[in-house]
Structures are given as C-alpha cells and as structure tokens.
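Structure first, then comments.
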Amino acid sequence: MIKYTIKRLLQTLIVLFGVSLITFIMLNIAPGDPVGVMLAKRADQETIDRVRHEMGLDKPYVEQYIEFIKGAVVGDFGDSYFQHRPVSEILADAFSITASLGLWVLLFSIVFGILFGISAAVLRGTWGDKLIIFFSTLGMAMPSFWIAIILQIIFGLHLKILPISGLYSMSSYILPTVSLGLIYAASIARLCRTNMLDALNQDYVRTARSKGVSEFKIVMQHGLKNAAIPIITYIGILIKSILGGSVLVETVFAIPGLGKTMVDSITQRDIRLIQGCTIYIAVVFVIANLIIDLVYGLLDPRIRVGQEA
Amino acid sequence: MKRMIALLLACILIFSLAGCATQTDGDDTTPSTSDPDSGSNEPSGSEPNESSEDGDLKVLKYANVYPDMQVLDVMKSTTTDTIQAGSMVCEALLDFGEDFSVTPLLLKEMPTSEDGVTFHCELKEGVLFHDGTELKATDVEFTFTRMFLPETACVNTFLCDMILGAKEMLDGQTTELAGFTVTGDYTFDITLEGPYAPFLSVLACEQLSIYPEKACTEAGDRWGVDVFVGTGPFKLKEFTPKDRLVVERFEDYHGEQPFLDQIEMYNMDANTMLLEYESGNLDIVGVQQDQADAYRNNEEFADQFVINPLIGTISMNLNVEMAPLDNVKVREAIGYAVDRQSMVDNYLKGNAIATSCFIPRGCMAFDEERPIDKYDPEKAKELLAEAGYPDGIHLVTTISEKSSVVGVATVLQQQMKEAGIEFEIQKVDDAAYIDLRSNGEVQVAFSTWYADIVDPDNFLYTILHSESSPFMSSNYNNPEFDALLEEARVVTDPAEREALYREAEALAVTVDFVNVPLYNPIKFYLVQENVEGAKFLNSMVDLFYVTKS
Amino acid sequence: MRFFKRKSDVFNSLIEGAEGVTYTSFYHDAFKRLRRDKVAMVCLAVVILIVVAAIFAPLITPYEEDYMDIGNELSGPSAEHWLGTDEFGRDVFTRIIYGSRVSLMVGLVAESIAVAIGLIVGAVAGFYGGKVDAVLSRIIEIFASFPHILFAIVVMFVLGTGIINVFIAVGVVGWTGLARVIRSQIMQLKQKEYVEAARASGGRNMQIIFRHLIPNCLSTIIVVATMNIPSDIMYEASLSFLGLGVQPPQASWGSMISEARKFMRQNPGYSVFPGVALIITVLAFNLLGDALRDALDPRLKNL
C-alpha cells in the first residue's frame, strides 16, 4: 500500500505539471493581459510598456514559465498583480473561508443525505419513500444560485430570521450551506437508498431477518455498509466541487471564497493567482481521490489497492 | 483493525477540510481585535445586522458594487473602487467642493502661481498622519517621487505627467523629480513643463493622496495591503480585499471631528445589497441603473432615494479605420438610427438624461443649445444609400460582460434594425475587451467615461486626440481637432478655453461624426431615513460627516 | 468524418447481428421494460414536448424572440403577455420557448462532443493499456482537475463568442467521467472470448475497438450521456450567469434567470418562470436517465 501511495503521489506531480503548463499556455492564448485590465480605460502605449516591464510580463514565455515553476516548487507563486500581496496568502484566506463553509456543506449533505436515504429505503414503496424520491430529484434539478436568491428573499428579507449575506456569525452559514448542500444531499440520499435496497434484498439479509435480528440492526449493519462505498466515491467528487468553491453562490452571498477568487483572477488575467488556484484545486482533487482509493481497499477487501478499476 | 484504519482515513479526509475551518470559527466568536498588521483578512467581529456587538459605537454601513476594491494604494489602480477605498484613509493636497470648485485641504491656502507654470504651496502646520508623525514637505516630495519611479508601477501618472521631469523619471533616466523643490519644512514648489490650465484640479484628485515617507517605506510590499496610513479623519482598521474595508475615527484629525466612530464599506452583489438594505442592515447602498425604477417609484423608498447625476457621457466611438465606418456618411447615418429619447424614457425609465453632446452636462463647454438628434431611420437609410450601402450594413460591437451598457446595446440593436443596420453584440470578458479595444480592433466601442477632473480636456484629449484615440478603438485622427485641443491646454483664460473646446467637440461630433453621444448617466443611492450628511460627488461618496439618529 | 462512417457501420452491424441471432434483442427487451415504467414515459413525453416546442418555436410563440413592446417593460402576466415581459418589454413566454433551443442544444450537442472525446480516449486507454493507458489516464486527470471556467473563457476567445462555442466550451470539459467509465469497461471486455477470436482471425486493433468493444458499451454511453445532460444545461446556466453564455438578443434560460434576479421586485415571474422551465427539463432528463439505466444496465446504478 505504501508503494502504491508513493506511485500515486509521483503521478500527481505529473498531473500538476500538466495542469500548470496547460493553464500557462491557455492564459497566453487568451487575449488580454493584467496590465491592460489594470490601466483599464486609460491605456497609452508608454505606460503599458512601462508597467509590463516592471511586472516582468515582457520576458519571453519560456523564461516566465521556468520562473513560475521554480517558485511553485517551494510553494511560492509570487505576488498577485492586483492585490499586491503573495498568492499563497490570498489562497490561504480564501481557502479558510471556503473550507469552513465547505465543512458545513459536507456535514449537511452527508447527514441529511444518509438520513433521508435510510428513511426512503426503510419506507420503500410507501408514500414517504415516493415523497423523498420526488424531493431529492427536485433538489438535484434546481440550480444552486437560484435556490440561494429565493432563500435570501424568504428567510432574510421577509421572515428576517437569517442573515442575508456574509459569513460573520454561525447563523449566516445556514443559507449558503443549504443552497450549496441541497444538490449533494439529494444525490447522497438517492445513492444511499438504491444501494441499501440492493443489500436488503439479498438472501443473507432474509436469513438474518428470519433469525429474528432486529430491523434496525439489519439496516445499519448490512444496508449501510453496502451503501458506504458508492457514497464515499461520491464524497470524493463532492469535496472537489466544494473546495473549488462556487462562484455563483459566493457572489450571491458576498462571500470572498475560492470560487470568486478564481473567476475574478481569470477575468483579470491575474496570471500568478490563476496558477495558484489551479494548482491548489488540482492538489485537492488528486489527494481526495487518493484517500478515497485507499479507503475503498480497506472497506472492501475485494478491491485490491493498486489495481485501478 | 482494517475498519479502524478506514474510519481514520475517512476522518482525515473530513478534518483536512476542517483544519482551517475550525480556526476561522474560533475567530468568529472572539471579539474583534483591531490589528491591521497581522495580515489576517478573516471577517471578524461585527456583522452587518448586529451593530450592538460593538457596544455603543456609531457605525455606518455602506455597500456598493466594488469588485475592484483590491488594494488601498491609489497609485495602483485606476478604478473608482480602489480610489474610493483609498480616499477613506488618505487625503490629497486639495479637495473638491460640491460644485467641483477646488479648496485647500492639506494646504494652508490655494497654491499661488505667477506664470501658470510654477506653483508655490504651503502646507498646514500640525497635520498628523495616523501613525503620529507630522506631515512635512518631504512627505509630499516622497509621494510625488514614488509616483514617478518606474518600480512603483503607478498607473495614474497620466493625470500629472506634465510636471517637469516626470517623463524622464518614468523612463528611468533619473530618480529625482526636477519639477519638485522643497523650500522649507512646510513649503514647496511644483513646476510644470508648460502651462496646464486644470492643474489645480489635478492636485485635488484622490489619486494624488499624500503618503507618509516613514510608514510607507517601512511597509514596503505591505503598503496598501494591510498597512495604509494617511491624514484623513478615519484610519484603517481592517481590510479584506474585494470584500470589506473598516475604518475607525482618528482622534487627532487636523480638521473637524466626525460624528461616526466607524465606517464599514462592503463590496456586494447588486441584488444582495438591496436585500440587505431593505432588511435594514445597511445604511447606504448604491443602486444600479436597471434597478432604480423599483425604488424611485415606490412610496416606501421614494424618500430614501438619492439621485446623483454624474459628470459623464455614455457614447459610441466609431472606428474610422474599419469599413464601413471609414465613410463619414455611414457614421452620420448611425446618429439617426438611434432613438436616445425612447431608450432613456422606456428602457432606462427616465433614469438618465439623453444627450447629443460628448462633453457632459455640468462640465465646461457643454453645448446646451444643441438639440437631441431625432430618431429618423428613413433618413439613416438614405444616408447609407448615398454612402453606397443601399442594402444596409452590418456592425459589430464588442462589450465587456461586466459593463452596464449590454442592455443599452440590446435596445440600440432593435432600433438600428429599422434603419437597415444589423448591430451584432459580442460580449467578451473584461481583459479580452480591453485588449481588443486598445489594439484598435473594436468596430463600435461603447465609451462609458466619467470625469476624473471636471474639465473638457479629460474627455476630448483622453478619448479623441490622435495620441489616445487608437486605444479607444476610435482611431480618430484629425490634425485640426488635435491642434484645437493642444491650444486649449495652454490657454489660461476660461472663456477662450471654453470656445476652443466647443469648436473641437462640434468638429468631432457634428462634422466628422466619430462619436455618437447617447446619454448622461445618473448614479442612485438609497439612504436610510435616520442617516444624514452623506455627500455624493460624481462617482465618489463622502461619508466622513454623516450623522445617524 | 471517417469516425462517423464507422459509427454507422457499427449500428448496421449491430442491427444485423441482432436479427441474425434472435428477435427479442437486448434493446428490444430494454425498451419493453422502459415502456412499463410510467414515470419514464411521462418524462419521455415531457422531453418530446420540449423538443417539439424548441423546433417549432416560431409557430408557437406569440411574438418574435427579440420583439420589444416599448413602454410595456417588466409588466406582470397579462392576456397580451402570458408570463409578463422583461426589462426590454420582450415577452417572457416567447423567450422561454426560444431559450429551450439553447438548453436542449447544449444538452445534445455538447454531450455529443463530450461522448465522442470520452469514448475515444477511454476506449484507447482501456484497450491498449500499459504506457498508452498511463499517458491517457494522466491526461484525463489533468482535464478533470482543471478549472472549467478557465477552459470556457479560453474557448470563447480563441474561437470567438457565440452559441456554437458555448457548446464546445461545455462539451470539451465534460468528457472525463465518461472516459473513465469506458476505460474500465473496455478493460473488462477485452478479456472476453469474442475479442480473442476477433484478434485471432486477424482483426486490426481499431476494428476490434469500433466493431466489438464500443457497441458493447453502448448502453453505458446512453445512460451516462442522459445523466450528464442536466449538468450540461446547468453549466450553461452558470456560464450565462457570468455573462459568458449566449449573445443578445438570443435567450437562454440561464441568462434569463441571472438577468431577472435584478427585477425580483418589479416582476417576480420573470425569474421564477425560466427557473421552473429549467427545473422541469432537468428533472425530466434525470428521471429518464434513471429509467434508462434501470432498463439497460442496472449495474450502473452508482453513476
């Protein structure tokens, strides 16, 4: 397993290199550069050239890229062209915000997803089951920024019980968490239900039932265990989307998280910040996948770690 | 055993997320400590809807769409967002009055000049920076020198590069500003390359705020990030780029003491901040043009609604080098193909003022006499036919997706259809737009220009003079027009200047038809009934002397 | 072009094969199962209804897409404008119908692009294995861990803005999931006897992939594609939210929702109705995808 982990981490480096190279190439293909944006309306060639020179943007591309790689190896992405502070600092700030919200989203979706998933499985065939299926499918179909705006209007403006924007108190986490988490909770609920039903129809469960094992124990022991692997796979995907931030929901709730940071940096061509963001997201993604693969192997010995798929 | 490891791994997975998070949560519950040097940008303490947390502090909360509030150093950005934020802390030598007249702020009295080239200035004595040091002439010298040093990468030098020696400094030939002489502890002279009539207005621009030499040098890279010291009535407490700025009262201010203890300025989504305002969590908010109508004509909000006409013009620059716009008849036709009045009355719901003049209302040389061009698609068709396009033309406009004129362009698209002009809209992101435009590749470029200084020079020279027109994708190059502008720059008699600018503007807009003026925008705000004393000047807001009951 | 030709060969051979062996083919059975599923049939009907509305939009709608009823901006639902008007005085109902064109096309065109790329990359990686697989798997990972918005922006600017490029932007980033699934499926399939047989009888590799392996993944492809369509539609909505979607005066549901949120106070319906249209469509595709999966390949339940 250790050998496998090392191999995967080495592959990660290749992926990170590829991501940074593609990002760099793309940024240089896309029209526009940070200096143009900075000078906005008042461009004159002399000023543009001068500022470009000060920022090292007039160097050859290869040189710029090598410089970036040199810094990136030691975790230094340079200073943002617009915020004039280190990219690592900006990312740390944005990350702490996205992660604290993400934690709630994760908890919300896991708790509610599993809760409703189990309920639906236990109540299979009844109205309760159908209601849960209906609402979870609906939850998956609603765009999160749309839910966000509607929740703001209902709970913030009319009922005045929850803060509309910002993340300044515990209660202000509720609306963003629900808007972001609904779709994930709905997906987990459906996954959980399907896999539990699968398990509960197995012969060994029938045997257990006939032996008088309590229904609760059956659901927990056999049903939930069977549902664990797909749910964990899904959590891997979920972590990537959560930590990538959601620019729409962050905009609507005025939260300076990663999603907004990244999209803004892209539209401004803040090259260093973009590079930092992409590398960061790639790292999170690859590591989340690695941990999930390891967890698989442990949960289900039939999946041998090291043999993909 | 294996199951235990699995559980452990799963926990790591979740807590790797939580790692930073718990830290933030911790900060949220502890009372906010004002420590701008810590580099922490986490939201701490006071929240918008719970002012009581700050005890009996008199706090004002203001929000607007300020996505470019990224740094406080006003030398590093040309956007209102940064300049507004910087001006909450720092002051310039002079100040704009409500009618855009210039009054002394850090100076004892207005600078004097015998020849319009050298200006003698004397600083007020006893003006303290927020770090306790006294403002001296050397600080002013430091500020001006810093501005022109290439390594500062100042982007606002265009405002004042007429100071003697500024261009040499920008080129890196020297590190001393020839046109700036310190003549005493509190006195200094500024010399220009030649006469420049609006120079005193330049000195009042927030972009030329005075920085303390000691603090600024010590802060190095952190200047404007988490260290920012000025002479204003409020000092920096907390700054989260692109999110919020908190300033608190400076007890030793050299002028009148403000009523407020603290001002919080937020960057928010246009819609979100209105919801916050309606819930009573914000005291003052900016209202976007397209949302203004809902509040202007609503009894509940009509009293709180502030209308602030801007000194600015929304217009279209026609690229004279791209066919078919190289034909003057085609350019003339476009003026008849747009219905400004209908757009202002219907789409803009009267929240703007239609204009046929490129120089904005409220600025010298605005031609009040000129009637608003009539919408006449038939006449436009005739002109197009005369120009050799009887079947109409196809035009492409490129617009930044961030820009507020996307809707305006959509309305124009429909109006121009009548005149046989197919007006294609291409929305691109901001960086791409600026790139295309400054390469002169945009056929029809919307110009949304607000005055930096209220002077026709700021409009005509920056947009239509042949030196700058390629960057605006207008490519207008008429030596006669250029000569008028250059002459107006050195003439000091106001009446004579006005006549020159009128002539120049008329030449560009009514003879060469290189610019199609559309309307003068208005900025809107909502101010809660218990809040008084906010001053709205052009695109800036002055909140220093607001009172709250 | 070559690829499409081969693809039609595949379908032909599939049909021939099916006729040759038995009359109750796999797909016939699956369709029978699908027909018994009431929810699926309702969803299918909804999807067909939307498709018909999109195709015949000019016949159904009372106005043209860009007609502005000047002086009647942001009015609520009325006999003249069933769902009210937008900030330009354009009919919301008309624009929702026209907007369905964009949403459906995004779903179909973008997903076809994604399927084409994902299928080839996945199949080649799975079939050849070894170094080819290692390289392709890294490429898949790189694309999967890349910010999609950046990709969209670059596509728009390299190719120019416009509806076709929206499809490309959505399609080019959406193939990694499918590539992974296909890769693992091909890995299993290539061990099967009939592949060995094809190889023994001198079949070229490409022939084996396109004639034998890919047809066997068809049900997976159908299921994955159907389930991806809703997320593609949502992705277009978020691109529009960022101002990167369709160009005015064209309507898309995403751009309508994001524009309309500014006018919540004047005409709440303007933002609610396109949202409802979006939800119904996504819901229909989701449920249809579920049903297809159950009918075609229940093993895919965790997708």
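Just so it is clear, the model here is predicted, and its values are computed rather than measured. In what follows, every chain begins at residue 1, and chains take the letters A, B, ... in the order their sequences are listed.
Remark: the backbone N or O of C:S258 is not paired with any side-chain donor or acceptor of A:W146 at under 3.5 angstrom.
C:I142 contributes atom CD1, which lies 12.0 Å from atom CZ of A:F285 (distance to the nearest 0.5 angstrom). Distance CG/A:L248 to CG/C:L239: 9.5 Å, rounded to 0.5 Å. If you take CD on C:E141 and OG1 on A:T12, they are separated by 7.0 Å, rounding to the nearest 0.5 Å. The CZ atom of C:R138 sits 11.5 Å away from atom CG of A:L16, with the distance rounded to the nearest 0.5 Å.
A:M142 pairs in a side-chain contact (heavy atoms from CB on, under 4.5 Å) with only one of the listed residues (C:V282, C:V276, C:L283, C:I279), which is C:I279.
With a threshold of 4.5 angstrom between heavy atoms, A:M140 approaches chain C through its backbone and through its side chain. With a threshold of 4.5 angstrom between heavy atoms, A:V263 approaches chain C through side-chain atoms but not through N, CA, C or O. Contact annotation for A:L21: neither backbone nor side-chain heavy atoms come within less than 4.5 Å of a heavy atom of chain C. Proximity to chain C is absent for every atom of A:V284, based on heavy atoms less than 4.5 angstrom apart. Interface remark: A:I231 contributes no atoms to any contact with chain C (heavy atom separation under 4.5 Å). Heavy-atom distances place no part of C:A134 under 4.5 Å from chain A, backbone and side chain included. At a 4.5 Å heavy-atom cutoff, A:V283 makes no contact with chain C through either its backbone or its side chain.
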